[in-house]
Protein chains: 2
Amino acid sequence: MSSNNAPKKQPRSRYAVLGMLSMGLETGYEMKKHVEQNLGHFWSESYGQIYPVLRQLVEEELATCESENRPGERQRKRYSLTSVGWAELRAWLIRPPEPPPPRLELLLKLSFGRRLPIEACEKLVGDHREACGRDAAQLSSIESALRNAANRHPDQPFWLITLRYGRTLREAECAWCDETLEQLRNMREEDEQPSGSAVRE
Amino acid sequence: MSSNNAPKKQPRSRYAVLGMLSMGLETGYEMKKHVEQNLGHFWSESYGQIYPVLRQLVEEELATCESENRPGERQRKRYSLTSVGWAELRAWLIRPPEPPPPRLELLLKLSFGRRLPIEACEKLVGDHREACGRDAAQLSSIESALRNAANRHPDQPFWLITLRYGRTLREAECAWCDETLEQLRNMREEDEQPSGSAVRE
DNA sequence: CTAGCCATGTAATCCGTTACATGATTGG
DNA sequence: CCAATCATGTAACGGATTACATGGCTAG
């Protein structure tokens with residue numbers, strides 16, 4: 001009852017950094033770039049998190065830091081995982097992720113949709129539809145580029161899994177948008193002839 | 001260049017509250033309940049946001065507050081929108097939502113999947129598959145209950161739209177899980193016979 | 001020489017949750 | 001009378017982004 005047995009919740013950035021260390025990325029700068037270029041479709045991270053986390057990991061001896069730069073080498077700090085770090089990474093990996101409280105702004109807006117002219121709702125959904133279509137296409141092309149890549153990274157199969165996730169979900173959103181747009185069109189047409197042949201109950 | 005012309009970004013809770021005021025909800029308590037019971041599948045809100053926002057809306061004259069309770073009535077504060085409040089709500093509604101930085105923990109874990117035995121990855125995805133299935137079923141049942149409801153709220157068509165969103169996306173996730181589980185099974189089988197009839201290029 | 005990238009870091013701020021505190025009212 | 005629910009609020013904390021500050025190195 002009293003003992004707080006849970007292993008103390010740590011920020012997710014910490015594990016993102018541990019994971020990137022585990023794949024051989026050595027500097028904070030590299031990690032930021034990797035997030036932007038390769039994980040951008042499902043993760044984001046800022047310097048304001050990365051550098052403090054790296055310092056903290058060294059303090060807790062989950063990672064070590066080499067500050068020395070061989071002369072002529074660009075000044076930078078190279079980090080690497082300790083065995084304790086590996087263990088903590090693995091422990092986190094098998095922990096089932098807990099979903100964050102949902103906050104889907106588009107749906108919130110639509111749930112208040114009656115306060116708007118229907119055309120405005122159609123605009124909201126239409127814009128979203130376009131964005132999703134673009135995203136899906138882009139993910140799809142990254143996917144096939146990666147599949148056909150000459151030099152394949154050992155993590156490649158897992159990257160493909162994440163890409164397929166993004167594509168699948170975007171495609172589903174496109175389908176939802178299309179259905180929704182049709183429904184909105186119907187509502188608008190009903191609105192436009194409230195008299196006519198309408199039978200009231 | 002210098003003039004900050006943008007209308008100053010406000011927290012989303014503010015607009016959630018404005019929206020709920022626009023549908024006739026009058027007290028903070030009511031709003032919290034409404035979020036939990038009706039918007040729970042795409043939105044969340046805590047008292048720690050709701051009450052301060054209400055106070056602030058009154059200060060800015062977007063809402064008014066009636067503190068008096070008729071005798072015998074439960075003590076509570078009843079809020080309602082002013083015309084300025086309505087205007088701000090509408091302005092927000094037509095603004096295209098900007099997507100928050102992505103943070104999909106499951107995908108982050110899977111992208112580091114090679115650090116785990118494949119069975120552990122299968123567990124992660126399998127658990128997710130179950131959760132999505134449950135969610136999809138639940139949303140689906142809410143959907144049909146709402147469609148067949150006797151007393152239909154004027155906002156009902158829009159609520160159905162949000163429910164369909166949730167269901168569609170969950171179903172897509174289920175499909176992704178199933179595909180992924182199969183892919184992982186294949187990877188595991190390949191792993192288990194690295195010799196055998198494998199032809200090494 | 002200088003523009004731009006490499007590289008590290010901090011301070012301010014923000015949005016939001018959690019935990020806590022209080023008390024009135026109602027139903028059994 | 002007691003438990004549950006109605007109802008309002010605040011304080012502490014936390015995770016994360018943004019903006020800022022600094023400086024070395026490199027290519028043109």
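Lettering of chains follows the sequences in order, A, B, ..., and the numbering in each one begins at 1.
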Protein-nucleotide distance (A:Gln56, atom CD; D:dA16, atom P), rounded to Å: 12 Å
Value in whole Å for how far the C1' atom of D:dG14 lies from CD of A:Glu98: 14 Å
Residue pair B:Glu36, B:Lys33: steps toward the salt bridge (Lys or Arg N to Asp or Glu O under 4.0 Å) verdict: CA-CA 5 Å; B:Glu36 283 167 4; B:Lys33 289 291 163 263; 3.6 Å; yes
B:Glu59 with B:Arg55: basic N within carboxylate O range, under 4.0 Å: yes
Can you list, pair by pair, the side-chain donor-acceptor contacts under 3.5 Å of residues 84-92 of chain A, counting residues two or more places apart and other chains?
{"unit_1": "A:Glu88", "atom_1": "OE2", "unit_2": "A:Arg14", "atom_2": "NE", "d": "2.9"}
{"unit_1": "A:Glu88", "atom_1": "OE2", "unit_2": "A:Arg14", "atom_2": "NH2", "d": "3.0"}
{"unit_1": "A:Trp92", "atom_1": "NE1", "unit_2": "B:Glu105", "atom_2": "OE2", "d": "3.4"}

Rounded interatomic separation in angstrom, taking CZ from B:Arg78 and P from D:dA7: 11 Å
Contact letters for nucleotides 9-22 of chain C, in which S counts primed atoms plus P, OP1 and OP2 and B counts the base, heavy atoms under 4.0 Å: BB----SBBB----
Interatomic distance, A:Glu36 CD vs D:dT18 C1' [rounded to whole Å]: 14 Å
Nearest-angstrom distance from the residue atom CD1 of B:Ile50 to C1' of D:dA7: 12 Å
Whole-Å distance separating the CG atom of B:Leu108 from the P atom of D:dG15: 16 Å
Whole-Å distance separating the CD atom of B:Glu26 from the P atom of D:dC6: 17 Å
Nearest-Å distance for atom pair OH/P, residues B:Tyr29 and C:dT25: 15 Å
Residue pairs, two or more places apart or on separate chains, that pass ring pair (Phe, Tyr, Trp, His ring centres under 6.0 Å) and touch residues 113-137 of chain B: none
Side-chain ion pair, B:Glu45 and A:Arg103, N-O less than 4.0 Å: yes
Residue of the set B:Arg185, B:Arg188, B:Arg129 for which salt bridge (charged side-chain N to carboxylate O under 4.0 Å, His left out) holds with B:Glu122: B:Arg188
